[in-house]
Amino acid sequence: MSAREKSWKEIAPAGVCSRTSTTFLTGDWKTYMPVRDLEKCTRCLLCVLFCPDGAIHWKQEKSDIEFDYNFCKGCGICANECPTKAITMKVE
Amino acid sequence: MEMAKQEWKFTTKDIAEKPDLFLSGHRACAGCVPTTVLRLIMKALRGPTIVTQATGCMEVVSSIYPYTSWAVPWLHTAFETAAANASGIEAALKALKRKGRLKHEHVDVIAIAGDGGTYDIGFQALSGAVERGHDFLFVLYDNEAYMNTGIQRSGGTPKGAATTTSPAGTAIPGKLEYKKPIADIMVAHEIPYVATASPYYWRDLLEKVRKGLEVEGPAFLHVLAPCPRGWRSDQAKSIEYSRLAVETCVFPLWEAVNGQYQLSVASKLIALAPQKKRPVTDYLQGQGRFRHLFSPQNKHLLEDFQRITDERWRRLLAKCGVSAKP
Amino acid sequence: MKSVVKQERMALSGDEAVAYAVKQSDVDVVAAYPITPQTIIVERFSEYVANGEVQTEFVCTESEHSALTACLAASVTGARAFTATASAGLALMHEMLFVTSGCRAPVVMAIANRALSAPLNIHGDHSDSMAQRDSGWIQLYAENAQEVYDSIIQAFRIAEDINVLLPVMVGLDGFTLSHTLENVDTLPDEVVKQFIGSRKFPNVLTHEGKMAPFKLDPDNPMTMGPIALPNYYFEFKRQQEEAMKNALSIIKQVNSEYAKISGRSYGNGLIEPYCLEEAEVAAVCLGSTAGTMKTVVDELRAKGVKAGLLRLRTFRPLPVEDLRSALCNVKAVAVMDKCMSFGGNGGPVYHEIRHVLYDADVRPYVVNYIYGLGGRDSTGTAKYLRGSPADSSGKAC
Ligand SMILES: Cc1ncc(C[n+]2csc(CCOP(=O)(O)OP(=O)(O)O)c2C)c(N)n1
Ligand code: SF4
Ligand code: SF4
Ligand code: SF4
Ligand SMILES: [Mg+2]
C-alpha cells in the first residue's frame with residue numbers, strides 16, 4: 001500500500017486524479033533490458049509503436065529512437081518484433 | 001461528420017511523433033498488449049474526445065489514485081456500464097450543444113471495455129446503446145478472459161482454452177463452448193460501422209479507429225489483445241500472437257460499413273492466396289492455456305479448433321462476397 | 001410574505017407534478033425506464049419532448065441500471081440530469097446508486113415508492129428506498145402532490161450546491177400520491193429557472209496541475225472514477241459524509257428561500273412537527289401518511305389527548321439534533337414504518353428514532369408499528385396513538 005500524502009480536506013472529490021502516471025516509474029520491474037545495435041537499426045519505428053509502456057521514443061532532433069529505462073518493463077516485445085533483430089535483451 | 005470525408009493519411013513517423021495520450025507509468029504486466037492497443041487507439045483521435053471505460057485490467061492499471069495514465073477526460077463507473085456511460089456523455093454533449101453551453105463544435109466519445117465488459121455483463125447496455133443510435137465508438141479489447149479477477153472464462157474465451165473457471169481437468173478439458181461471434185452480433189444491430197483489428201496490423205487498427213469516430217452513430221471495434229499472463233505465453237510474443245491469430249484466420253480482419261462486409265488487407269491476401277493460411281496450431285502452440293490440447297487424447301479438440309476456424313472463415317468469405325478457394 | 005409570486009393552480013397527480021417540475025427545472029438529460037407507479041412521470045415527460053416543449057435530451061434506456069448510469073455520466077459531463085423509478089427498478093440501480101454518490105454526481109431522482117417482490121406487488125410502501133438508505137443519497141419524502149412538485153425543484157438546488165454535490169431522491173408514495181389528482185400551485189417557469197440557477201462546479205486540482213471545474217471537459221482533462229486503494233478510499237468516504245452534514249443546513253436554507261417565493265415551507269425542511277409542543281404522545285411517520293395522521297391528531301386533541309405528530313421529511317441526512325429536541329419532551333413516541341427490516345427488531349425509521357433518543361436526558365418510550373406493506377390501507381390510524389407504549393416489537397427504554 002502506498003502512502004497517503006494528503007488529508008480528505010485537501011484532495012479533490014470523487015477521486016479526481018492529481019498526477020499523471022509518468023511520475024510513477026516502472027523501470028525497476030525489469031530483469032532484462034533491451035539493448036540496440038545502432039548499426040542494425042533502420043529506424044523503422046515499429047518498436048516505438050508496439051512498446052506497451054511507451055518506453056521507446058522517436059527523437060526528431062536526433063533522428064533516432066531512445067529507450068526510456070524509467071518505464072521499460074523488459075518485456076522483450078521490441079526485440080521480438082524488430083525486423084532487423086537490432087535489439088537484444090540483456091540481464092540488467 | 002461524414003464518413004471518410006477526407007482520407008486520413010499518415011506515416012509511421014507521424015504516429016511515432018504523436019505524443020502519447022495513454023501515458024507511461026501504468027501498472028500493466030510486462031508485455032501487456034491491451035496497453036499497446038490503448039496507446040495506439042489514442043493516437044488516432046481527430047479532436048476533442050472523452051473516453052469512458054469499464055472495470056477491468058485496463059481500467060485498474062491506468063487509474064490507481066492519485067495517478068492517472070489518461071491525458072484525456074476519462075470516466076469509469078462500473079464493470080457493465082461502458083456503453084451506458086457513453087450514452088449519458090453523448091446525451092449531455094447533445095443537450096449542452098443545443099443549449100449553447102458546449103465550447104466545442106464536436107466532442108468524440110469512446111467507450112472501452114474488455115471481453116467481460118462486452119460479451120457478458122456489459123452486453124445489455126451495449127445492445128441498448130447502439131439500438132438507440134448514440135454517436136460513439138465502442139472499443140472491445142479482447143484478451144479472451146476476465147484477467148483482472150484472475151483469468152476466468154468469458155463469452156469471448158475460445159473453446160478449449162483453460163481458465164481458472166474452465167480449467168483443463170481430467171474430466172473436462174478446458175472451456176466447452178465456442179467463442180461468441182460478438183462482432184457479427186453487432187453487425188446484426190445494423191449499426192453503421194463494425195470492424196475487427198489486431199495491433200500487429202497497427203495501421204489498419206488506427207484507420208479503423210478513425211473511421212469509427214468519423215461515422216455518425218454507433219461504431220464497434222473488436223481488437224484482439226493478447227495477454228501474456230492469462231494466455232500463459234511468452235511476454236515478448238504478445239504482438240506476434242496478434243499476427244498469428246490473423247495468419248491462421250482464427251481472428252480475421254474485416255469491416256462492415258453499413259452492414260456491407262469486406263475483408264481488410266491482411267485477411268484479403270490470405271483469401272486470395274489460400275496457401276498462405278497457416279494451421280491453427282501455429283497460433284495455439286506456445287500458449288499455456290492451450291497446452292493440454294496438444295496431448296494425444298485431446299487431438300479431437302485440436303481438430304475441432306481447426307474445423308470451427310475454417311467454418312467461420314468460409315462464412316466470412318461468403319459474407320464478403322469472396323468465393324472460397326480450395 | 002410580499003414577494004410570493006403569483007402561481008397557477010393545476011390539477012396534477014404526484015407523477016404529473018414531478019414531470020411538470022422537471023420540465024420547469026431546465027434539465028439537460030432525462031434517462032429513464034418505465035415501472036409502475038412511476039411510469040406516468042416518463043410518459044408525461046416524453047410528451048413534453050415530443051411536443052418540443054423542452055430542450056432536454058431524453059434517453060429511453062433498456063434498463064434502470066443504464067438509466068441511472070447515463071444520468072451519472074451526463075451529470076459529470078456538466079449536464080443537469082434526472083431519472084425516476086420505483087421498487088424493482090430502484091433495486092436494479094442499487095450498484096449505481098453508490099457509484100453516483102461516490103462520483104459526486106448531483107442527479108435528482110423521483111421514487112414512486114412501491115413494495116418489493118416477492119410476491120409481486122405494485123402498491124405503495126417504503127421497502128424500495130429504505131433498502132437504499134446507505135447508498136449516499138439524500139432522501140426526501142413528500143406528503144402530497146404539492147410537496148412533490150416543490151421538492152423536485154428544491155432537490156436540484158440542494159444536490160447541485162457545491163458544498164453538497166450529492167444525488168437526491170424524492171419519495172412519493174406509490175398510488176396514494178403518484179396516481180391521485182390534487183390541486184398543485186405551480187410557479188412560473190422563469191421563477192423556477194431562476195431559483196435553481198445554472199449548474200455550478202467546484203474547482204478541483206487535475207493531473208495537469210490546474211484548477212478546473214469538476215466535469216469532463218476536453219479543455220481541462222481529468223480522471224473520474226479511478227480505483228482508490230486503502231490509502232485513499234476512506235478519504236473519499238469521509239468527504240461524502242461531510243457533504244451529508246453540509247446538506248442539513250442547505251436543505252433548511254433552500255426550504256426557507258423557497259418559502260419566500262412560493263409561500264410554502266415544509267417545517268424547517270428536515271422535519272415537520274405538528275402539534276408537538278406540549279404533546280405527551282407523538283407519532284413519527286414519513287410521506288403521505290402524515291396527512292391522515294394530522295387529522296387523527298386533531299381528533300385526539302379535540303378529545304383532550306395531548307397528541308402530536310412529527311413528519312420526517314429528510315430521512316438522509318438524518319436530522320439528529322432536530323429530531324431529538326422535537327421529541328425529547330414527549331412521554332411516548334410511536335414510530336410508523338412502511339417497511340420491514342427482517343429480523344431487525346423493528347423498522348428502519350424506528351431504529352433511527354430510538355438511536356436519536358438514546359442521548360436524550362430523559363428518554364421517551366418508543367414503540368414501533370409496521371403498517372401499510374404492499375399498499376394495505378391504514379385506516380383507524382388513531383389506534384397508533386392510543387396503544388400501550390410498549391409492545392412486542394419495541395420495548396420501552
Ligand atoms: C458487477 C460486477 N461483477 C463483477 C465484478 C468483478 N470484476 C471486475 S473486472 C472483472 C473482469 C474483467 O474482465 P474483462 O472485461 O475481460 O477485462 P480484463 O480484466 O480481462 O481486461 C470482474 C469479473 C465487478 N467489478 N462488478
Ligand atoms: S524496430 Fe528495430 S529497426 Fe525498427 S526502430 Fe526499433 S530497433 Fe530500430
Ligand atoms: S522491453 Fe518491452 S517495455 Fe521495454 S522498451 Fe522493449 S517493448 Fe518497451
Ligand atoms: S493480466 Fe493481462 S491484460 Fe491484465 S495487465 Fe496483465 S497482461 Fe495486461
Ligand atoms: Mg478480458
Side-chain angles (χ1 to χ4, degrees), chain A residues 1-34 45-78 81 92, chain C residues 72-73 75-77 98-107 136 159-167 200-217 220-246:
Chain A
M1 185 174 117
S2 28
R4 177 171 54 258
E5 292 164 9
K6 289 184 172 172
S7 84
W8 63 271
K9 288 182 187 164
E10 298 164 297
I11 56 178
V16 169
C17 291
S18 58
R19 51 177 91 144
T20 58
S21 59
T22 50
T23 58
F24 187 89
L25 307 186
T26 53
D28 58 357
W29 294 18
K30 63 177 159 304
T31 316
Y32 298 94
M33 66 190 282
L45 307 184
L46 277 182
C47 55
V48 177
L49 300 185
F50 289 147
C51 173
D53 289 282
I56 315 174
H57 301 290
W58 165 245
K59 295 280 170 184
Q60 189 157 26
E61 62 282 6
K62 294 200 288 180
S63 283
D64 201 1
I65 61 163
E66 201 177 275
F67 287 88
D68 186 343
Y69 293 109
N70 283 324
F71 296 105
C72 167
K73 293 173 186 160
C75 68
I77 285 181
C78 52
E81 297 307 321
E92 227 192 336
Chain C
L72 147 61
S75 180
V76 298
T77 309
F98 290 78
V99 184
T100 306
S101 58
C103 283
R104 307 298 295 277
V107 175
E160 294 173 12
D161 189 295
I162 60 168
N163 294 310
V164 177
L165 223 59
L166 289 174
K200 290 160 202 73
F201 307 92
N203 278 323
V204 300
L205 179 70
T206 74
H207 59 260
E208 292 185 335
K210 292 201 257 185
M211 294 301 286
F214 176 59
K215 61 178 167 180
L216 296 171
D217 172 6
N220 295 299
M222 65 181 76
T223 292
M224 288 191 181
I227 165 167
L229 300 176
N231 60 340
Y232 275 110
Y233 176 84
F234 214 146
E235 271 56 32
F236 298 112
K237 298 301 116 180
R238 175 67 196 269
Q239 288 180 335
Q240 280 175 250
E241 181 59 9
E242 286 303 310
M244 272 287 180
K245 282 189 198 153
N246 295 344

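In the text below, chain A, chain B and the rest are named by the order of the sequence lines, each starting its count at 1.
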Any residues in residues 48-76 of chain A near chain C, with a heavy-atom distance under 4.5 Å, and which are they?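 If one takes a 4.5 Å heavy-atom cut-off, no residue of residues 48-76 of chain A lies near chain C.
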For [Y], does its backbone N or O pair with a side-chain atom of [X] as donor and acceptor, under 3.5 Å?
| X | Y | value |
| --- | --- | --- |
| N246(C) | N163(C) | yes |
| R104(C) | V164(C) | yes |
| Y232(C) | K6(A) | yes |

Between S7(A) and chain C, with a heavy-atom cut-off of 4.5 Å, which part of the residue counts as in contact: side chain, backbone, both or neither?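 Contact with chain C involves the backbone of S7(A) alone.
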Sort E242(C) into side chain, backbone, both or neither according to what part of it lies under 4.5 angstrom from a heavy atom of chain A.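 Looking at E242(C), just its side chain touches chain A.
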Quick one: list whatever passes side chain to side chain donor-acceptor pair (under 3.5 Å) with S21(A), sequence neighbours left out.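 If we apply the side chain to side chain donor-acceptor pair (under 3.5 Å) test to S21(A), skipping adjacent residues, the hits are S69(B).
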Walk me through it: do H207(C) and T20(A) pass the test side-chain contact (heavy atoms from CB on, under 4.5 Å)? CA-CA 6 Å; H207(C) 59 260; T20(A) 58; 3.7 Å; yes
Hey, is E235(C) close enough to R4(A) for a salt bridge, meaning N to O under 4.0 Å?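 R4(A) and E235(C): salt-bridged.
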Note: R19(A)-E5(A) ion pair, threshold 4.0 Å (strictly below):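 Yes, this pair counts.
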